[in-house]
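The next block holds one structure in the form of structure tokens; read it before the comments.
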Amino acid sequence: MRYDAVHRALLPWYDRHARDLPWRVGPQALSHGLRPDPYRVWLSEVMLQQTTVAAVKAYFERFTTLWPTVGDLAAAEDSVVMGEWAGLGYYARARNLLKCARVVASVHGGQFPDTEESLRALPGIGPYTAAAIAAIAFDRPAPVMDGNVERVMARLFAVQTPLPAAKPELRTLTEAATPTHRPGCYAQAVMDLGATICSPKSPACGICPVMDMCEARAQGIAPDLPRKTPKKPKPTRFGIAYLARRADGAVLLETRPDQGLLGGMLGWPGTPWSEQDPIPAPPIAADWRDPGLEVRHTFTHFHLRLSLRLAEVDMDTRPLHGEFHLRATFRPSNLPTVMRKAYDLGQAAWRDD
Ligand code: SF4
């Protein structure tokens, strides 16, 4: 296949059909000399890791309103940023986001470096994100390969090897196909093609700008690619979360350790999560009751079943760990999703008492 034929077909399609995204400088604006803001490109790419465009939009708007520049974000308080990130998941990203902003602000004078290599030296920026920022923000010919690009490449070249074993082959193809002319637009064009036309289950080949070059379409196997190695079933872990409430409405929360799942986020004190039955470990002396409520949540590598215990505690009882958050300052939206689910169930049970 001639790669330049793909570029010739894809770039004019992108010029007409580029998705309108809040972090994107579209082809029209680019042609009028506008340049993307590397801060916004970086922020969007970090938020989009493992997360859909639809879920990210509101967070992106909020972050860029609160912190319009990387310097503003670097100066923000950790707990405020973690609170704003709550609900977006994969919380290590938020911790690295702050670390990265602070390095850019203090070491690079508030300017993101403009090469893949120097971007990769920043906290939380891996090969994919470095390539995406280099291509989109600085128009460098960096090969950008996300899930959408993998799918388009697997189909264009009829790659039969199942994922994840196919990744090196797909990467080689992505590198070879990356042009030196308008590489940033090309990278976004392939992403958009994967997101809008070359969709996972039913690709709309009839309106695809590269249909004449697509080997999977020619062979009639487009919906079957990329092939995937069946995943092992996820294990289930069990735990107990303790929801304690004082007479003044304050609730007992703890900040989870920086290392580990939901690191740095607020949460209800509780037992470790394991595949064995949890051993009760209440965080404060109280008359704990079991209302028979359970939160179910799925993380990347396991399902969680979190059993709830509720208690009303005296004003002067001190917790073994965690601290009380007053009703006036506690924002349930600052909790990560699994803890928010526990809060919502606990609230309903308290209301029914
Ligand atoms: Fe995807 Fe079909 Fe286009 Fe091939 S022709 S790239 S399978 S949408």
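Counting starts at 1 for both ligands and their atoms, in listed order.
Side-chain contact check for Arg305 and Ser307: no donor-acceptor pair (N or O, by modelled atom type) lies under 3.5 Å.
The set of protein atoms (N, O or S) found at less than 2.8 Å from atom 4 (Fe) of ligand 1 reads Cys214 SG, by chain and number.
From Ser333, atom OG reaches atom OH of Tyr343 across 10.0 Å, with rounding to the nearest 0.5 Å.
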Could you list the donor-acceptor pairs under 3.5 angstrom formed by side chains in residues 263-272, with sequence neighbours left out?
residue	atom	partner	partner atom	Å
Trp268	NE1	Met339	O	3.0
Thr271	OG1	Ile240	N	2.9

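Remark: the backbone N or O of His325 is not paired with any side-chain donor or acceptor of Thr329 at under 3.5 angstrom.
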Verdict with supporting geometry, Tyr242 and Trp288, ring-ring contact (aromatic ring centres under 6.0 Å, His included): CA-CA 8 Å; Tyr242 293 91; Trp288 289 100; 5.0 Å; yes
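A salt bridge links Glu294 and Arg296; the closest N-O separation between the charged side-chain nitrogens and carboxylate oxygens is under 4.0 Å.
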